[in-house]
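Heads up: the structure comes next, in structure tokens.
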Amino acid sequence: MTSTAPAPAPSFDPRVLKAPHPVPGAPNNWRRFLSFNTDAKVIGLQYMITSLFFLLVGGLLSMIMRGELITPAADLVDPTVYNGLYTMHGTVMLFLFLFPILNGFNNLLIPPMIGAPDMAFPRLNAAAFWMVPVFGVILMASFLVPGGPSGAGWWAYPPQSIQNPLGHFLNGQFLWILAVALSGISSIMGAVNFITTIIRMRAPGMGWFRMPIFCWTAVAAQAIQLIGLPVLTAGAVLLLFDLSFGTSFYRPEGGGDPMLYQHFFWFYSHPAVYVMVLPVFGIFSELFPVYARKPLFGYHVVAIASFAITFLSLIVWVHHMFYSGTPQWMRNLFMVTTMLIAVPTGIKVFAWIGTLWGGKLRLTTAMLFCLGGVFNFIFAGITGIMLATVPVDIHVGNTYFVVGHFHTVIFSTITYGVFAGIYHWFPKFTGRMMYEGLGKLHFVLTFIGSQLTFLPMHAAGLLGMPRRVASYDPEFAFANVLASLGAFLLGVATIPFLLNLVSSWVRGEKAPPNPWHAIGLEWLLPSPPPAENFEDDVPTVISGPYGYGLGRPLVEDEQRYVAKAASAASAATGGA
Amino acid sequence: MTTASPSPGRSPRLWGVLLVLLAVLADLAASFWMAAASHHWLPVPASAAAAPVDNLFALEVGIGSFIFFGCSGVMLWTLLFNRAPKYDLDNGDPIEGNLKLEIVWTLIPLVIVMLIAWKAIDVSTTLSTLGGKVRVTGGHGAMHGAEGPAAALEAADDPAAAEPIEVIGRQWSWEFIYPNGVHSSELHLPEGQRSYLRLSATDVIHGFFVPAFRLKQDLIPGSVIDYSLIPTRAGRYRLRDSMFSGGYFSSNQTDVVVEPPEQYAAWLEQALAQPLRPAANAATDLYAQRLARGDRGWATVPPAPPPLVHVSADPAASHEG
Ligand code: HEM
Ligand SMILES: [Cu+2]
């Protein structure tokens, strides 16, 4: 960290010093992480660090909420404050934690995985990132305006969201819409970049069916952003007009229709859940072969299933509106499309299990999070089918059952995948190993905590506890006490994680180029990779991405690249 | 596989088949048990919707458990028997896929979900709770007078009972107006008959949710929605606002009282004799407390004045589900 100590061993590739860009790990360049930098790896880390910060913010908000909900009465905070807290919790977790952290992975992984030096549009990339802190500050500022932040939930359904009790022009809801719109613009900018990069900048020989699944899922997810976000943004702009300029797009008194907003909102926000989960499917598909030492089972089908999911995700949105007065034929139609999604999703799950079967499993922290994530995801997929079933959803819709379902996906699957990805690729991008002991402690606490938090929510929902409540009837108390205890345990679980991140980065063991003996272009680079990855020596890919046990090289002249990465590493340590 | 240590004289294949058979049987047993247990996870069944919904749910719990235990069982197996020894850097069997298996695990889920969808459509059709929806523009006044397509739709079912109970959702109170002119803030319904409701909201969207009925329907401002249901069990059940409606959303609950038809008719008579007075209302009380504490907290619209009713809900009465 500090460079005042006499001549510490530089932990970076010497070529790095010549690079015009700052490189993680090089001395004294942390300042550059605060600058408008156009290096995808710097931007990737900027995304990661920003979003992990907001994970803590969102987590803190959820701890206060669970504190409120540990007793039936609304006694810890005023109900209006609870409404603001849960709104901000959801918004922060989605728009400031999950989307940005997945874009962090995209930035870090896509160029090295396909052998590109950087993103197709580096300036656009940096601009997209810097909008995150901007709308993050706008959203946080809404805590300070009179009346407090938006308390309308992340759906922001009108007419409730446009009631504007104090009548001020500058209010929490106004800032909320502004932040969400900026987030949308940032995401569209990112999507253009990721898709272009993957289509145009793959290494020689890397046809579509030699591309790692992570890149497949990135394209599939980012395509959703391009198709869906304009619709959400249009819906949000109309909402802003209704809120601030007195129009009546959604206002019934003026002839508007509140249901129109629900269609706009869910046309994007259902697919949005797949924007988040697809890259995590990618992470699972990368990691299982590495730690089971087997090729990914059914690679072609898994790749194509991503696009089946993209397509289907665009035609299921009305399953969020089964009890909104949707006519029966339309409910049935959307029930069938929703259920169809289970098919490509199932294909992926079975493929991962097929990959484990007969493997040589290494239970690293990353692997544990993958296994835990898939285990939880199977559960969530089953409750998802229940929610898609119209008569069942009519009972459990808008109850804690839904809260249980989507947290099992968003936390117990997606966030597990994010953790797995961090433990797996941290050495690659920081040049340091993480501590496995702390990692396993993190996993165990997280696993117990998430079951304790989210399982009882399903039970409360089945008994009829509505979601978004600040107080509830005493019959739900037991489930809620368990959920609150679980949530506090999850809070504790972040301590070993943070400790691990910081201490590994500062003083972790130096990482070799390929600590997990993984196959993939990124593992042929030194750790951390130089600014432009392979520079002008891009390898030619000659086989598919998961050749474990097949004894075939991934690229032409593989030994040369391995030796080159190794010598870069020894040159770095040899400088001491 | 690491565990295949065949005893002399028997083929390891036979043991494998037996083991799989045993596992499937255990999985089946566990899934049946879960499906049976699932009935206890739900509130008391108090409407005609409850039995078909609970059965559909049980079916899904059963199928879901089978898949869940099956998949996690296989994962557990690999965890126990496919672990690499500590310093073993070898690879596993380099299997890249199996077309037959992949076709099977595409088709089977497809068949299962379509089967569930078909059953679900069947259930929805028999329940047919949702009638027509008419958009009413031009303020609240017009709402209550709305006739037309909605009225036509419900008349098709049972003309005699076509006169609906008005259900009005507000921030944060419930009001029910019966055909004979009774106003109440708890909902009374006759047992064993189809009751017709006409749902509307005056300010924001609310949700009419009675867990014991397994039914839920949003009230949309600017629309009038015809709804019907058949209570089947006498008792007092919770009616909750299920669609987030702002400030005191979680206090916006009342009770449904289901009683035998004679008792219901008698209640309607008696109720009419009561004077109209403001209903007891939790949100009003909470808001008054807030003002008394100096209006601290984040912004909220004030609660609408509680409705004037002949019969007010009894906050102290205990409910069953
Ligand atoms: C087999 C797959 C899945 C099915 C069939 C499914 C089905 C559903 C349905 C029908 C709902 C609406 C429930 C309601 O509001 O009444 C729902 C809610 C939700 N699902 Fe899923 N789901 C699946 C997987 C996922 C995945 C992969 C994600 C996330 C990446 C996800 C995230 C969510 C979220 C966030 C909500 C709630 C949104 C909200 O109400 O705020 N689900 N799911
Ligand atoms: Cu959805």
Side-chain angles (χ1 to χ4, degrees), chain A residues 78-81 84 147-148 151 153 157 159-160 163 165-166 252-253 255 258 292-295 297-298 301 323-325 328 332 335-336 339 342-343 346-347 350 353 356-362 375 378-379 382 386 389-392 394-395 398 462-464 466 468-471 548-550, chain B residues 41-43 53 56-57 60 64 67-68 71-72 74-75 78 82-84 88 90-94 96-97 102 105-106 109-110 113 116-117 120-121 123-124 130 133 137 139 204-205 207 211 214-218 220-222 225 240 242-250 297-301:
Chain A
D78 190 77
T80 55
V81 173
Y157 275 8
Q160 199 268 324
Q163 281 190 313
L166 297 186
E253 305 93 274
R293 312 307 304 167
K294 277 185 62 196
F297 196 99
V301 183
Y323 39 71
S324 305
Q328 191 59 40
N332 290 341
M335 165 167 67
V336 170
M339 292 206 167
V343 175
I347 290 177
F350 296 132
I353 297 178
L356 295 174
W357 186 256
K360 292 250 182 180
L361 271 55
R362 314 256 162 85
F375 174 81
I378 299 169
F379 187 85
I382 290 163
M386 294 170 178
T389 312
V390 172
V392 176
I394 300 254
H395 175 55
N398 255 339
L462 286 169
L463 286 178
R468 307 191 154 152
V469 291
S471 60
Y548 297 91
L550 292 169
Chain B
W41 308 338
L42 295 158
V53 170
L56 192 59
F57 178 67
E60 296 191 313
I67 296 172
F68 181 74
C71 289
S72 42
V74 175
M75 285 171 72
T78 65
N82 291 340
R83 292 265 291 280
D88 179 355
D90 260 6
N91 294 313
D93 315 337
E96 289 191 273
E102 285 164 52
W105 69 42
T106 308
L110 184 68
V113 293
I116 293 176
I121 290 174
V123 170
S124 303
L130 182 61
K133 175 183 168 193
T137 43
V204 302
I205 307 176
R214 314 288 190 271
L215 292 174
K216 167 181 297 114
Q217 173 60 48
D218 286 357
I220 319 265
I225 294 172
R240 301 194 170 92
S242 57
M243 178 56 82
F244 180 69
S245 57
Y248 296 96
F249 164 66
S250 54
W298 288 337
T300 172
V301 293

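Letters A, B, ... are given to chains in the order of the sequence lines, protein chains preceding strands, and every chain is numbered from 1. All values derive from a computational prediction rather than experimental measurement.
Put simply, the side chain of Pro109(B) reaches to within 4.5 Å of the side chain of Phe350(A), judged on heavy atoms. Inter-residue side-chain proximity for Pro466(A) and Lys216(B) is flagged as unmet; no heavy-atom pair is nearer than 4.5 Å. Using a 4.5 Å cut-off on side-chain heavy atoms (C-beta onward), Met75(B) and Leu356(A) make contact.
Between the Ser250(B) side chain and the Val469(A) main chain, no donor and acceptor come within less than 3.5 Å of each other.
Contact annotation for Tyr157(A): only side-chain heavy atoms (C-beta onward) come within less than 4.5 Å of a heavy atom of chain B. Using a 4.5 Å cut-off between heavy atoms, Ile353(A) contacts chain B through its side chain alone, with no backbone atom that close. The part of Phe249(B) that comes within reach of chain A is its side chain, from C-beta onward, which places non-hydrogen atoms under 4.5 angstrom from that chain. Using a 4.5 Å cut-off between heavy atoms, Met386(A) touches chain B through backbone and side chain atoms alike. For Ser245(B), the part lying under 4.5 angstrom from a heavy atom of chain A is the backbone only. If you measure heavy-atom distances from Glu102(B) to chain A, the contacts under 4.5 Å come from the side chain alone. Heavy atoms closer than 4.5 Å to chain B are found in the side chain of Pro258(A), but not in its backbone. Contact annotation for Arg240(B): only side-chain heavy atoms (C-beta onward) come within less than 4.5 Å of a heavy atom of chain A.
Closest non-hydrogen pair, Ile116(B) versus Met339(A), comes out as CG2-CE, 3.7 Å. When all heavy atoms of Pro391(A) and Ala120(B) are compared, the pair lying nearest together is CG-O, 3.6 Å. Closest non-hydrogen pair, Ala299(B) versus Leu166(A), comes out as CB-CG, 3.9 Å. The two residues Arg362(A) and Ala84(B) make their nearest non-hydrogen contact at NE-CB, 3.7 Å. Here the shortest heavy-atom pairing between Val336(A) and Ala117(B) reads CG2-CB, 4.2 Å. Here the closest heavy-atom approach between residue Gly222(B) and residue Pro252(A) is recorded as CA-CB, 3.8 Å.
For the set Val204(B), Leu110(B), Thr106(B), the entry with the most heavy-atom pairs within less than 4.5 Å of chain A is Val204(B). Comparing Ser324(A), Gly151(A), Pro79(A) by how many heavy-atom pairs each has under 4.5 Å with chain B, the most go to Ser324(A). Highest contact tally toward chain A, considering only Leu42(B), Leu215(B), Ile225(B), is held by Leu42(B) [criterion: heavy-atom pairs under 4.5 Å].
The aromatic rings of Phe375(A) and Phe68(B) lie tilted to each other, with the angle between the two planes from 30° to 60°.
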Open item on the list: side-chain contact (heavy atoms from CB on, under 4.5 Å) for Leu550(A) and Glu96(B)? Distances and angles first, verdict last.
Closed with: CA-CA 10 Å; Leu550(A) 292 169; Glu96(B) 289 191 273; 3.6 Å; yes
Open item on the list: If you apply the rule side-chain contact (heavy atoms from CB on, under 4.5 Å), what do you find for Ile205(B) with Gln160(A), and how did you get there?
Closed with: CA-CA 7 Å; Ile205(B) 307 176; Gln160(A) 199 268 324; over 6 Å; no
Open item on the list: Apply side-chain contact (heavy atoms from CB on, under 4.5 Å) to residues Arg293(A) and Asp90(B) and explain how you reach the verdict.
Closed with: CA-CA 8 Å; Arg293(A) 312 307 304 167; Asp90(B) 260 6; over 6 Å; no
Open item on the list: For Ile394(A) and Val53(B): C-alpha separation, side-chain torsions, deciding distance, then whether side-chain contact (heavy atoms from CB on, under 4.5 Å) applies.
Closed with: CA-CA 9 Å; Ile394(A) 300 254; Val53(B) 170; over 6 Å; no
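Thr78(B) meets the side chain to side chain donor-acceptor pair (under 3.5 Å) test with no other residue; sequence neighbours excluded. Applying the side chain to side chain donor-acceptor pair (under 3.5 Å) test to Tyr548(A) and every residue at least two apart in sequence or in another chain returns nothing.
Here the straight-line distance linking atom CG of Asn398(A) with atom CZ of Phe244(B) works out to 11.0 Å at 0.5 Å rounding. Atom CG of Asp78(A) sits about 8.5 Å away from atom OG1 of Thr300(B), to the nearest 0.5 Å. Rounding to the nearest 0.5 Å gives a distance of 4.0 Å between CG of Asp88(B) and NZ of Lys360(A). The CG atom of Asp93(B) sits 11.0 Å away from atom CH2 of Trp357(A), with the distance rounded to the nearest 0.5 Å. One finds the CG atom of Leu56(B) at 12.5 Å from the NE2 atom of His395(A) (value rounded to the nearest 0.5 Å).
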